[in-house]
Colleague: 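Structure incoming, see below.
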Amino acid sequence: MKTVSICFVCLGNICRSPTAEGVMRHLVDEAKLAERIVIDSAGTGDWHIGEPPDERAQLAASRRGYELAGLRGRQIAAADFDRFDLLIAMDDKNIVALRQICPPHQRDKIRLLMEFVPEADARWSGAREVVDPYFGGVEGFEQVLDQCEVACRGLIAALRPQLLA
Ligand code: 4NP
């Protein structure tokens with residue numbers, strides 16, 4: 001049985017990447033692909049290791065039916081490039097940080113989440129980054145969820161052919 005392993009990556013691993021993880025888990029369960037797709041998240045920084053997701057992220061996610069409460073912050077490490085097929089970053093700074101620790105032959109594993117938004121999407125097509133909501137208001141967390149929902153659906157659609165091949 002083919003499987004794929006994915007790690008979502010942001011700066012702190014308390015706002016964007018845990019949100020992407022929670023949304024992806026929910027959509028993967030819905031698609032009956034939970035045995036095929038391994039999902040995790042991590043931060044490029046070390047400030048929030050061991051912490052639960054930001055309360056604003058948890059609250060916004062729970063209103064849409066996603067559970068983030070059990071997740072804990074951790075920092076990405078070079079060994080994660082062996083463990084995961086894809087390391088999916090939220091913004092360009094995450095990409096730069098990932099490239100700094102990535103073994104050169106595994107660079108192709110680094111991608112941006114918004115690459116997976118379908119081109120036909122009216123709102124997010126062409127958007128490159130999931131903007132850091134940490135220093136902003138609650139609307140930023142809603143936007144992160146909007147982006148994660150569209151991009152994770154696109155990601156599942158992109159993975160289906162290789163899982164079924
Ligand atoms: P995240 O948001 O990268 O989406 O988890 C942040 C969380 C914490 C900080 C920055 C961004 N911080 O500076 O502590």
Side-chain angles (χ1 to χ4, degrees), residues 4-29 37-81 83-102 106-117 121 123-156 158-159:
V4 62
S5 54
I6 298 165
C7 186
F8 295 105
V9 179
C10 64
L11 179 60
N13 194 212
I14 55 167
C15 299
R16 292 167 292 174
S17 60
T19 298
E21 179 178 350
V23 169
M24 187 69 175
R25 281 189 193 285
H26 187 95
L27 296 176
V28 162
D29 280 347
I37 304 180
V38 174
I39 306 162
D40 195 10
S41 66
T44 60
D46 63 0
W47 309 286
H48 300 288
I49 293 172
E51 290 180 18
D54 186 289
E55 283 186 8
R56 297 164 295 173
Q58 288 194 50
L59 185 63
S62 70
R63 279 199 223 101
R64 297 194 195 191
Y66 308 115
E67 177 66 56
L68 309 187
L71 305 179
R72 293 293 177 269
R74 75 173 184 94
Q75 188 175 26
I76 197 83
D80 286 312
F81 286 90
R83 289 178 56 205
F84 294 99
D85 299 308
L86 289 171
L87 292 97
I88 301 186
M90 300 296 130
D91 66 28
D92 285 312
K93 284 188 195 150
N94 307 148
I95 297 265
V96 170
L98 283 170
R99 286 200 178 137
Q100 282 172 351
I101 62 159
C102 176
Q106 290 176 321
R107 281 190 159 205
D108 290 351
K109 293 184 174 184
I110 303 173
R111 307 288 292 272
L112 267 177
L113 181 64
M114 294 304 278
E115 280 176 42
F116 296 96
V117 173
D121 183 88
R123 183 172 174 201
W124 296 114
S125 170
R128 217 183 134 69
E129 299 192 318
V130 181
V131 174
D132 185 351
Y134 188 68
F135 295 106
V138 290
E139 69 286 352
F141 289 84
E142 296 299 330
Q143 181 167 309
V144 169
L145 279 161
D146 291 343
Q147 290 180 280
C148 287
E149 286 176 343
V150 171
C152 287
R153 283 186 198 284
L155 175 57
I156 291 170
L159 294 174

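Predicted, not measured: the structure shown is a model, and the values here were computed from it. Only this structure's heavy atoms are used, side chains among them; waters, hydrogens and symmetry mates stay out. Both counts, for ligands and for their atoms, begin at 1 and track the order of listing.
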Colleague: For ligand 1, which atoms, with element, lie under 4.0 Å from some heavy atom of I14?
Modeller: 5 (O), 7 (C), 8 (C)
Colleague: Enumerate the atoms of ligand 1 whose separation from the nearest heavy atom of L11 is less than 4.0 angstrom.
Modeller: 3 (O), 10 (C), 11 (C)
Colleague: Which protein heavy atom lies closest to atom 9 (C) of ligand 1, and at what distance to 0.1 Å?
Modeller: Y134 CD2, 3.5 Å
Colleague: N94 side chain to M90 main-chain N or O, any donor-acceptor pair under 3.5 Å?
Modeller: yes
Colleague: Enumerate the atoms of ligand 1 whose separation from the nearest heavy atom of C15 is less than 4.0 angstrom.
Modeller: 1 (P), 2 (O), 4 (O), 5 (O)
Colleague: Are R25 and E21 within salt-bridge range, i.e. N to O under 4.0 Å?
Modeller: yes
Colleague: Is there a heavy atom in H48 that sits closer than 4.0 Å to ligand 1?
Modeller: yes
Colleague: When only distance counts, is R16 in polar contact with ligand 1, meaning an N/O pair under 3.5 Å?
Modeller: yes
Colleague: Are the side chain of R64 and the backbone N or O of E142 linked by a donor-acceptor pair below 3.5 Å?
Modeller: yes
Colleague: Looking only at heavy atoms, is any part of N13 under 4.0 Å from ligand 1, and if so is it the side chain, the backbone, or both, or is it neither?
Modeller: backbone
Colleague: Considering only NZ, NE, NH1 and NH2 on the basic side and carboxylate oxygens on the acidic side, decide whether R56 and D54 come within less than 4.0 Å.
Modeller: yes
Colleague: How many angstroms lie between CZ in F8 and CG in L86, if you round to the nearest 0.5 Å?
Modeller: 9.0 Å
Colleague: Could you identify the single nearest non-hydrogen protein atom to atom 13 (O) of ligand 1 and state the distance to 0.1 Å?
Modeller: F135 CZ, 3.9 Å
Colleague: Which of the numbered atoms in ligand 1 are under 4.0 angstrom from any heavy atom belonging to G12?
Modeller: 1 (P), 3 (O), 5 (O)
Colleague: Do P133 and ligand 1 have an N or O pair less than 3.5 Å apart?
Modeller: no
Colleague: Could you tell me the residue and atom name of the protein heavy atom closest to atom 2 (O) of ligand 1, and the distance to it rounded to 0.1 Å?
Modeller: D132 OD1, 3.2 Å
Colleague: Among all protein heavy atoms, pick out the one at the shortest distance from atom 1 (P) of ligand 1; state its residue, atom name and that distance to 0.1 Å.
Modeller: C10 SG, 3.5 Å
